[in-house]
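Input: a single structure, listed below in C-alpha cells.
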Number of protein chains: 2
Amino acid sequence: MSSRPDPDALGFVLIDVARMLRSAFERRIATAGLGLTPGEARTLVRIATLEGSRQLDIAQRMGIEPMTLSTYLDRLQSLGFIERRPDPADRRAKLIFTTPAAGALIASIRTEQVELMEHVTSGIGPEELELIRDRLKRLRANLCALEEDSAAPALAKDAGR
Amino acid sequence: MSSRPDPDALGFVLIDVARMLRSAFERRIATAGLGLTPGEARTLVRIATLEGSRQLDIAQRMGIEPMTLSTYLDRLQSLGFIERRPDPADRRAKLIFTTPAAGALIASIRTEQVELMEHVTSGIGPEELELIRDRLKRLRANLCALEEDSAAPALAKDAGR
DNA sequence: ATGCATAGTAAGCTACGCTTACAATAAGCC
DNA sequence: GGCTTATTGTAAGCGTAGCTTACTATGCAT
C-alpha cells in the first residue's frame, strides 16, 4: 500500500549506508590512532589534491560552507599538518598547503579508506562499482544544482525554467 | 600518484551525496512545515512499517542504538504521532504504534521524499536506479556485518575470517 | 573618497548519533 | 522459594559535522 512507505527506498538506503560508512571509518581511524575525525581526514585529503588553493575554493569543492572549513583548518593547523600562507596577490586571502609532516598521515588515511572499501564492497564486481560511482557523481551534481537554486531563489523568480 | 588520494573515490562521493541529500531533505521538510527533523521523519516511517514492535527491534532495524531511538520516540510521542503501550507479555517492554494523527504526516513525508528523489535522480534510467539501490543494500549488509564484528570481537577470535 | 564586494573568522546553534550508568523486570538455576 | 544474571528502556552527558549571523580587513570601481 502507498500508506506503507518503503524503508528500503533509495534515499533511505543511501543515508543508512553513509551513516554506517562514516561510523566504520571513524572506528578505523580511531583504531589506527591517527588522531583525526573523519571530517578532518576528508579535509586533509582534499587539500592534498588542491595544494595552494584559497579557502573559499576548497570549501566550494568540498561542498561545505567556508566557516565549516575554517574550523577544520584550525584543527589541522594546530596539529601541524597544514599551513596558511598569505596570498601575495590578495592580502585578504590565504593559501593552504600541506606540510611535510602530513605526508605519512595522508598515506595512512588512504590505506584505511581503501581497506575499508574493499571490505564493504566485497561481493560486487568492479564494473558495477564503477557504474555506481559514476551515477552517484551524477546525483551529487544534481544535488549541487539544487543547493544553488535554493541559495539564490530570488534570481530564479518565475523564469519558467 | 598514489600519494594523491582521489576525492572522487566511492566512499567520499557516497558521503558527499548523503550529506547533501540530508540537507536537501531537511530544507524540504522545513519548507513543507512538517515540524520534524529528517531523523524523526525517518523514524516515523520505519515505525509505520513495524507497527506494534518493541523499541529494541525497531532500533536494530534502523541500525541505531536503543537510546538514540528512545530520544526520537520521546519527541514523536510528545507531538502525538506515536504511542508507547505496555507489552502485555513483558512488563519491561513497550510496543510502539503510530496514532491516527500521524497518517497524513507520513503521507506527506512520503511525498517529499519521492519528489526530492525524482529531482535528484533525474538523468538516470529506472533500471540503473534499481541496480544502484540493490548494490547499496549489499553495501549496507556488509556494513552491518562489520559492526557486529566490532561489537563482539571476542567471539570472532581466529575463527578463520 | 566613497561605497560596495569579497576572504576569512568568532560566536553560537541544530541534528544525529554515541557511551555509561541505572531501574525495573524477566529468566535460569539450585 | 531465593539468588544471580540478562534484558528493556531511559537519564545524563558527550562528540562530530554541519549551519547562520555578524564582524574585520582588504580589494575594487566609480
Side-chain angles (χ1 to χ4, degrees), chain A residues 12 15-16 18-27 29-30 34-44 46 53-60 62-78 82 84-96 143 147 150-151, chain B residues 12 15-16 18-30 34-43 46 53-60 62-78 82 84-96 143 147 150-151:
Chain A
F12 283 151
I15 287 179
D16 283 352
R19 176 174 36 72
M20 291 166 136
L21 198 57
R22 195 160 66 186
S23 100
F25 191 46
E26 192 164 3
R27 230 179 300 130
I29 284 191
L34 300 186
L36 292 183
T37 66
E40 287 157 4
R42 195 169 72 98
T43 304
L44 188 55
R46 274 286 186 162
S53 300
R54 296 180 175 198
Q55 297 189 194
L56 272 186
D57 290 346
I58 298 173
Q60 202 192 340
M62 293 182 65
I64 62 178
E65 297 303 311
M67 185 58 226
T68 303
L69 176 63
S70 195
T71 311
Y72 288 156
L73 292 183
D74 286 350
R75 170 110 172 109
L76 289 173
Q77 186 173 26
S78 81
I82 62 132
R84 287 190 242 227
R85 298 187 203 153
D87 183 347
D90 185 340
R91 278 191 296 165
R92 292 169 303 178
K94 296 169 188 173
L95 306 182
I96 309 301
L143 279 161
E147 282 184 5
S150 81
Chain B
F12 284 150
I15 287 179
D16 284 351
R19 176 173 37 72
M20 292 167 135
L21 198 57
R22 196 161 65 187
S23 99
F25 191 45
E26 191 165 2
R27 232 178 298 131
R28 253 187 178 271
I29 284 191
L34 300 186
L36 292 183
T37 67
E40 287 158 4
R42 193 169 74 97
T43 305
R46 274 286 186 165
S53 301
R54 295 181 176 196
Q55 297 190 193
L56 271 187
D57 290 347
I58 297 173
Q60 203 192 338
M62 293 182 66
I64 61 179
E65 297 303 311
M67 185 59 226
T68 303
L69 177 64
S70 194
T71 310
Y72 287 155
L73 292 183
D74 286 350
R75 170 109 172 110
L76 289 173
Q77 186 173 28
S78 80
I82 62 133
R84 287 190 242 227
R85 299 188 203 153
D87 183 347
D90 185 340
R91 277 193 294 165
R92 291 169 304 178
K94 297 170 188 173
L95 306 182
I96 309 301
L143 279 161
E147 282 184 6
S150 79

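Numbers restart at 1 for each chain; the letters A, B, ... are given by sequence-line order, proteins then strands. Computed over heavy atoms, backbone and side chain alike; hydrogens, waters and symmetry mates excluded.
- Between B:R22 and C:dA15, a side-chain N or O to OP1/OP2 separation shorter than 4.0 Å is absent.
- Where A:T68 and A:R91 meet DNA chain D, the nucleotide closest to each residue was compared, and A:T68 sits on the side nearer the 5' end.
- Judged purely by atom type and a 3.5 angstrom limit, A:R75 has no side-chain atom pairing as donor or acceptor with the backbone of A:T37.
- Residue-to-nucleotide proximity on DNA chain D shows that, of A:M67 and B:D74, the 5′-proximal contact is made by B:D74.
- A donor-acceptor contact shorter than 3.5 Å links the side chain of B:T43 to the backbone of B:G39.
- Here the P atom of nucleotide C:dG17 and the CG atom of A:L21 are 14 Å apart, to the nearest Å.
- Look at B:D74 and B:R84 and you find a salt bridge, because one of the NZ, NE, NH1 or NH2 atoms lies within 4.0 Å of a carboxylate O, short of that distance.
- Between A:L56 and A:I15, it is A:L56 whose nearest contact on DNA chain C lies nearer the 5' terminus.
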Can you pull every protein N or O that's under 3.5 Å from an N or O on nucleotides 28-30 of chain D?
none

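- Between the CZ atom of B:R84 and the P atom of D:dT8 there is a distance of 16 Å, given to the nearest Å.
- Checked by atom type and distance alone, the side chain of B:R42 never pairs as donor or acceptor with a backbone atom of A:I15 at under 3.5 Å.
- The CZ-P distance, from A:R54 to D:dA25, rounds to 19 Å in whole Å.
- Atoms CD1 (A:I64) and P (C:dT9) sit 13 Å apart, rounded to a whole Å.
- Here the nucleotide nearest the side chain of A:T37, chosen from D:dT16, C:dA7, C:dA15, is D:dT16.
- D:dG15 atom C1' lies 12 Å from atom CZ of A:R75, rounded to whole Å.
- We find that CG of B:D57 is positioned 8 Å from P of D:dT8, with the value rounded to whole Å.
- The distance between atom CD1 of A:I96 and atom P of C:dG8, rounded to the nearest whole Å, is 7 Å.
- Taking the side chain of B:Y72 as heavy atoms from C-beta on, and the options C:dA7, C:dC16, C:dT9, the nearest nucleotide is C:dC16.
- As rounded to whole Å, 13 Å separates atom P of C:dT6 from atom CD of A:Q60.
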